[in-house]
Structure formats: C-alpha cells, structure tokens
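Notes for the one structure printed next.
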Amino acid sequence: MTQHHEDHDGRWSQDVTEHSDALDLEEGVFTWKDPKRIARSLRDSAEASGRRKTSPYRSAMSMLTFYVNRAGKDLDAEQRDVLERAKDELRKLYGKA
C-alpha cells in the first residue's frame, strides 16, 4: 500500500475519496486515550462497513495508519504513542499479534 504524504496541491479531499476503505468512524476516535477502545471501535466500524474492499483487519489498520501519516507533525507524541499501541491492540483482536 502506498504511503500518502502531504502534497501541496489540495488533493487531501480527493485522497480521502479515493481511499476506498474509508470507514464511518466514531467521532473523535483518534483523539481517545485508550488504545483498546480505539482498536475495538475501528474493528466495529470495519466489520460494519459495506464499502471496504479488503478484510476488516486490513481496513481498520489502513485507516489508523492513514490517520497517523496524515496528522504527521501535528500529532503530539503522547497521542501518537496511544495510536501506535492501538495498532498492537488491533493485531491482538484479529489474532495477528
């Protein structure tokens, strides 16, 4: 999967539209402080989505990675750590850890 980096020609909304695994996420999910709660919410969104083209695990992980990459420098270290731990929790939920 290609990594999306910030480009300067305003393609952000287009990127999101083309990101075909886009899920209907709970509001503020990426700002929560509980990695397990984030992982469960992403899993539930992925399981419920009819739009995804890949497995729920890949879809949920993809959205998490996409968000972390998009937030980039704007993500504070503490929240980045929470989101990295949420990736581990996702792996555990799907037996990939």
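Computed from a prediction, not measured in an experiment: that's the story for all the values here.
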Residues in side chain to side chain contact (heavy atoms under 4.5 Å, CB included) contact with Ala48, at least two apart in sequence or another chain: none

Taking salt bridge (Lys or Arg N to Asp or Glu O under 4.0 Å) as the test, write out the residues that go with Arg85, two or more places apart. Asp81

Under 3.5 Å donor-acceptor pairs involving side-chain atoms of residues 25-32, not counting sequence neighbours:
| residue | atom | partner | partner atom | Å |
| --- | --- | --- | --- | --- |
| Glu26 | OE2 | Ser41 | OG | 2.8 |
| Thr31 | OG1 | Gly28 | O | 2.6 |
| Trp32 | NE1 | Gly28 | O | 3.3 |

How long is the gap from NZ on Lys87 to CG on Leu64, to the nearest 0.5 Å? 5.5 Å

Nearest 0.5 angstrom please: Tyr67 OH to Ile38 CD1, how far? 9.5 Å

Scanning both residues in full, the closest heavy-atom pair of Ala46 with Pro56 reads CB-O, 3.4 Å

Say you draw a straight line from CG of Leu42 to CZ of Arg37; how long is it, rounded to the nearest 0.5 Å? 11.5 Å

Test of understanding: with side chain to side chain contact (heavy atoms under 4.5 Å, CB included), list the residues that count as partners of Asp74, not counting sequence neighbours. none

Nearest non-hydrogen partners of Val68 and Arg80, listed with the distance: CG1-NH1, 3.4 Å

Thr65 side, atom OG1; Met63 side, atom CE - distance, nearest 0.5 Å: 10.0 Å

Shortest non-hydrogen contact from Asp34 toward Lys36: OD1-N, 3.0 Å

Of all heavy-atom pairs between Arg58 and Thr54, which one has the smallest distance, and what is that distance? CB-OG1, 3.8 Å

Which atom pairs, donor and acceptor, lie under 3.5 Å between side-chain atoms of residues 88-95 and protein residues at least two apart or in another chain?
| residue | atom | partner | partner atom | Å |
| --- | --- | --- | --- | --- |
| Asp88 | OD1 | Arg91 | NH1 | 2.8 |
| Tyr94 | OH | Glu47 | OE2 | 2.7 |

Could you list the residues that satisfy side-chain hydrogen bond (donor to acceptor under 3.5 Å, both in side chains) with Lys73, not counting sequence neighbours? none

